[in-house]
Amino acid sequence: MRELVRYLFKMFCMAVAVSASFLVLFGFLLFGMDHRADSLAGTTHHKIDLLQQTESPRIVLVGGSSSPYGTNCQMIIDALGVPTINVGATVYQGLDFYLAMLETYAVKGDIIVFAPEQQMLRQGIINYELVWSSAGDDWDVWRFMPLSYYPGLFTTGMQYYNSMKKLEEEGVVVLDYHRQFGPLGDVVEQRTNIMPDGYRTEDPISLAPAEFSKQNLKKIERFVEKMQKRGVTVLYAFAPLNEKAVVSDSQQIAAFEQMVAGAVQAPVVLSMDCALMEAEYFYDTNNHLNTAGAAIYTQNLIEGLRPYIQ
């Protein structure tokens, strides 16, 4: 019995030491440095403001970076007469980040259009340094930070600090993404395809169903059920994909669509047929649409949304 008590005491002391270390690191990173809030991940602060300030009923578009690069909120407002915002930033924040964000800020009457890139349906894509940039010293982000992220944040805290210090010492100016993003959270800067081959050749896209996480699909299903009880409508849209970069055959693509649509238990308002688009409609990655591509994708999304607008 005495040995058990001694063991439990040691474990308690270890837990306190780890927690104290994280709190010290957390405080130092929050208040001791420039978080480069104008980075792509840093636009999360703007997106949280939109969620807090835009009254419901509203349409909330969300996904990784393909969502704000692929949609035109003003087109949706003009066509459907409903306030529309886009709260996507980067896929590397991970699925749990977005689900937790929406669980915190979605309210009765909202229509959420969830369009995660195919990477977000895989495991192990979270970049914790980007999550640090997303949160910075904004308590409105930290309040919904998934508990499962804290070990990763703890182990990457000093890496994040060192990378930011290096940028500061070298005088590197991070691209001002706020210049690209408009007041509704989508990208309003005019853009055309700037990729030499029309697509990123080093980033082939496989849609083989076996490569995707059933656990992540289950998380989306549970989220849909929770939102339904709150009076929030969740709709699913397949994210834009450069068809030139897709290496899967038509059977695998159809199987991927069927797997996702059947698992998430949410109405699909934009199918894979509409999501797979020609290379000329992309911008700088195989997921980011240019201005013309975003207009086409948004028009298809509008048609899918019409039945859900009262």
* Asked: Is L276 reachable from I205 through a run of hydrophobic residues whose side-chain heavy atoms are each under 4.5 Å from the next?
  -> yes
* **Exam field: side chain T84 to backbone V82, donor-acceptor pair closer than 3.5 Å** => yes
* Within the distance-only criterion (no hydrogens, no angle test), does the side chain of N286 pair as donor or acceptor with the backbone N or O of R200 below 3.5 angstrom? -> yes
* What is the minimum heavy-atom distance between G63 and M120, and which atoms define it? -> C-CE, 4.0 Å
* **side chain to side chain donor-acceptor pair (under 3.5 Å) assessment of H288 paired with S66** => CA-CA 5 Å; H288 292 175; S66 72; over 6 Å; no
* Asked: Mind checking whether V246 and I253 have side chains closer than 4.5 Å, heavy atoms only?
  -> yes
* Asked: Does any N or O in the side chain of K47 come within less than 3.5 Å of the main-chain N or O of G185, such that one atom is a donor and the other an acceptor?
  -> yes
* Should we count CD of Q53 as having more than 12 external heavy atoms under 6.0 Å? -> yes
* **Steps toward side chain to side chain donor-acceptor pair (under 3.5 Å) verdict (T71, D186)** => CA-CA 7 Å; T71 57; D186 53 357; 5.1 Å; no
* Do the side chains of V91 and S65 get nearer than 4.5 Å, heavy atoms only? -> no
* Should the pair E189-R191 be classified as a salt bridge under the 4.0 Å nitrogen-to-oxygen rule? -> no
* Asked: With under 30° as parallel and over 60° as perpendicular, where do the rings of Y150 and W142 fit, or are they tilted in between?
  -> tilted
* Quick one: closest heavy-atom pair of A100 and P146, and the distance? => CB-CG, 4.1 Å
* Kindly assign one of parallel, tilted or perpendicular to the pair F223 and F114, based on the angle between their ring planes and the thresholds 30° and 60°. => tilted
* Shared ILVMFWY cluster between V113 and V87, side chains joined below 4.5 angstrom? -> no
* Kindly indicate whether the side chain of I77, heavy atoms from C-beta on, has any atom under 4.5 Å from the side chain of L184. => yes
* Asked: Yes or no on side-chain contact (heavy atoms from CB on, under 4.5 Å) for Q118 and S206, after CA distance, side-chain angles and deciding distance?
  -> CA-CA 9 Å; Q118 46 86 24; S206 172; over 6 Å; no
* Asked: Would you find a donor on one side and an acceptor on the other, under 3.5 Å apart, between the side chain of K108 and the backbone of P57?
  -> no
* What's the shortest heavy-atom distance between T201 and P204, and which atoms? -> O-CD, 4.0 Å
* Asked: Do Y199 and F282 have ring centroids that are under 6.0 Å from one another?
  -> no
* Asked: Among the clusters formed by ILVMFWY side chains lying less than 4.5 Å apart, do Y92 and F212 turn up in the same one?
  -> yes
* To do: May I ask whether M145 and Y98 are part of the same hydrophobic cluster, defined by side-chain heavy atoms of I, L, V, M, F, W, Y residues being less than 4.5 angstrom apart, directly or through others?
  => yes
* Looking at K218 and E221, does any basic side-chain N land under 4.0 Å from a carboxylate oxygen? -> yes
* Say you draw a straight line from OG1 of T104 to CG of D140; how long is it, rounded to the nearest 0.5 Å? -> 10.0 Å
* How far apart are the C-alpha atoms of S213 and Q123, what are their side-chain angles, what is the distance that settles it, and do they pass the side chain to side chain donor-acceptor pair (under 3.5 Å) test? -> CA-CA 6 Å; S213 167; Q123 292 281 23; 3.2 Å; yes
* Asked: Under a 4.5 Å cut-off applied to non-hydrogen side-chain atoms, are V62 and I112 in contact?
  -> yes
Would you tabulate the side-chain donor-acceptor contacts of residues 228-238 under 3.5 Å, counting partners in other chains and residues two or more places apart, or write 'none'?
residue : atom : partner : partner atom : Å
R230    : NH1  : E103    : O            : 2.8
R230    : NH1  : A106    : O            : 2.8
R230    : NH2  : E103    : O            : 3.0

* Structure fact -> Here the gap from Y105 atom OH to F144 atom CZ, rounded to the nearest 0.5 Å, amounts to 6.0 Å
* Are any non-hydrogen side-chain atoms of V131 and T156 less than 4.5 angstrom apart? -> no
* Structure fact -> On a heavy-atom basis, the closest approach of F181 and P68 is CE2-CB, 3.4 Å
* Ring centres under 6.0 angstrom apart (Y281, Y297) -> no
* Please name the pair of heavy atoms, one in S56 and one in V107, separated by the smallest distance, quoted to 0.1 Å. => CB-CG2, 3.5 Å
* Asked: So how far is it from S134 OG to H45 NE2, rounded to the nearest 0.5 Å?
  -> 7.0 Å
* Asked: What's the spacing between L51 CG and H46 NE2 if we round to 0.5 Å?
  -> 10.5 Å
* Can you tell which of L289, L61, N72 makes a side-chain contact (heavy atoms from CB on, under 4.5 Å) with T298? -> N72
* Asked: Could you walk me through whether V60 and T54 pass the side-chain contact (heavy atoms from CB on, under 4.5 Å) check?
  -> CA-CA 10 Å; V60 180; T54 308; over 6 Å; no
Show me the side-chain donor-acceptor pairs of residues 301-310 shorter than 3.5 Å, one per line, residues at least two apart or across chains.
residue : atom : partner : partner atom : Å
E303    : OE1  : R306    : NE           : 3.3
E303    : OE2  : Q299    : NE2          : 2.9
E303    : OE2  : R306    : NE           : 3.4

* When you measure from the side chain of T90 to the backbone N and O of Q93, does any donor-acceptor pair fall under 3.5 Å? -> no
* To do: Kindly check if the number of other-residue, nucleotide or ligand heavy atoms within 6.0 Å of CD (Q251) is above 12?
  => no
* Asked: Honestly curious: do L102 and I111 fall in one hydrophobic cluster under the side-chain, below-4.5 Å linking rule?
  -> no
* Measure the spacing between CG of D138 and OG1 of T44 and express it to the nearest 0.5 Å. => 9.0 Å
* **Test side-chain contact (heavy atoms from CB on, under 4.5 Å) applied to Y283 and T192, N193, V187, I194, the passing residue** => I194
* Quick one: does K219's side chain get under 4.5 Å of N216's, heavy atoms only? -> yes
* So do S133 and Y160 actually touch side chain to side chain, heavy atoms under 4.5 Å? -> yes
* Closest heavy-atom pair and its distance - A89, T43 -> CB-OG1, 3.8 Å
* To do: Report the distance from atom CG of N287 to atom OG of S67, rounding to the nearest 0.5 Å.
  => 11.5 Å
Contacts table for residues 255-270: side-chain donor-acceptor under 3.5 angstrom, sequence neighbours left out:
residue : atom : partner : partner atom : Å
E257    : OE2  : M272    : N            : 3.1
Q265    : NE2  : G262    : O            : 2.7

